[in-house]
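The next block holds one structure in the form of structure tokens; read it before the comments.
Each chain gets a letter, A, B and so on, in the order its sequence line appears, and its residues count up from 1. Below, all heavy atoms of this structure are taken into account, side chains as well, without hydrogens, waters or symmetry copies.
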2 protein chains.
Amino acid sequence: MALKYSRQREAIKEFMMTRKDHPTADVVYMNVRKEFPNISLGTVYRNLTLLSDMGELLRLRVGDGVDHFDATTAPHYHFICKNCGAVTDLEIPIIHSIDTIAGDNFNGRINGHVTYFYGTCEHCLKKSSN
Amino acid sequence: MALKYSRQREAIKEFMMTRKDHPTADVVYMNVRKEFPNISLGTVYRNLTLLSDMGELLRLRVGDGVDHFDATTAPHYHFICKNCGAVTDLEIPIIHSIDTIAGDNFNGRINGHVTYFYGTCEHCLKKSSN
DNA sequence: TTCAAAATTAGTAATGATTACTGATATCAT
DNA sequence: ATGATATCAGTAATCATTACTAATTTTGAA
């Protein structure tokens, strides 16, 4: 028996399921603390890492220096707002053909790619048009 | 006069020009120290950041927790070896069409994308086939 | 149910990359 | 040459994340 049940891990998992906005460890910590007032940040990190390693979560490194986590584990693309930093899912299918294109004149083996789209989100577009 | 000449910055720039392997701040530090034995790591970081902000360098966040820098500022794609962590340039043109694809059914504005291709580099492929 | 082995935890310390601060030095227009 | 100011070296601080440790939970079997 390698993995034991833990209420804290379950609470973290359940919280992640409710969020589509790719929260950071700190946001998870703040929220799970409502149910477990003295859970420690280390426990949050350990479980987020564990769940990511098991494939139940995705760890996103979007370039803002903080890791984001995503309970939607099926491969998909992300958009990052350069204005507010919000991370949102994109509803387009994975474009496998670019792996083939990238492999042209390249002597290694390409297994896949990670793409982040950057721009301005709907919310920030509205704000700036005032 | 906002920007003054500095030998240290010039040395950092020149070192970056000689390297195609996207060194980290620490690697730059180690090398520039040959010419400036008591340059400080802070100076290296400050200048790498300054040059990146001016557009003379690219700051790459490839997902390994350390920033890499690239003197080739024209947009291009990168490949990261999952085995050894090496970062190499890919010789394919930017595929602008995926920005359009990504914009389908999306209400924000997409300005561009950053893609990292992952796999095994030529060198590591050869080693593992022993 | 009780018990002990092993996983997990809370709390805290340590790490590693990067940034900020400070008094001394280098650059440059006048 | 000189004064204003950008830059520096050295060091301290910050921030995200990981590691450590003694106490608590979980769990399968007695």
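Both the sub-6.0 Å distance and the 45° axial angle are not jointly satisfied by R33(A) relative to the ring of F36(A).
Of all non-hydrogen atoms in L57(B) and A71(B), the two that sit nearest each other are CD2-CA, 3.6 Å. Taking all atoms of both residues into account, the shortest heavy-atom contact from C124(B) to N83(B) is SG-OD1, 3.0 Å.
Expressed to the nearest 0.5 Å, how far CZ of R61(A) lies from CZ of R61(B) amounts to 11.5 Å.
Remark: P of dT27(D) and CG of L3(A) are 9 Å apart, rounded to the nearest angstrom. Across the protein-nucleic acid pair, L48(A) atom CG and dT9(C) atom P stand 11 Å apart, rounded to whole Å. dC8(D) atom C1' lies 15 Å from atom CD of E35(B), rounded to whole Å. Between the CG atom of L50(B) and the P atom of dT19(C) there is a distance of 12 Å, rounded to whole Å.
Counting only heavy atoms from C-beta outward, the side chains of M30(A) and P23(A) never approach each other to under 4.5 Å.
Transitive grouping of hydrophobic side chains (ILVMFWY, heavy atoms separated by less than 4.5 Å) brings V62(B) and V87(A) into a common cluster.
No donor-acceptor pair under 3.5 Å is formed between the side chain of H22(A) and the backbone N or O of F69(A).
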Do any side-chain atoms of residues 94-113 of chain A form donor-acceptor pairs under 3.5 angstrom with protein atoms, and if so which ones, sequence neighbours left out?
from    : atom 1 : to      : atom 2 : distance (Å)
D99(A)  : OD1    : H113(A) : ND1    : 2.7
H113(A) : NE2    : Y77(A)  : OH     : 2.6

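The strand DNA chain D forms stems, runs of 3 or more Watson-Crick or G-U wobble pairs with distances below 3.5 Å, at C:1-30 with D:1-30.
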Under 4.0 Å protein heavy-atom contact, by nucleotide of nucleotides 9-25 of chain D - B base, S sugar-phosphate only: BB-----SBB-------
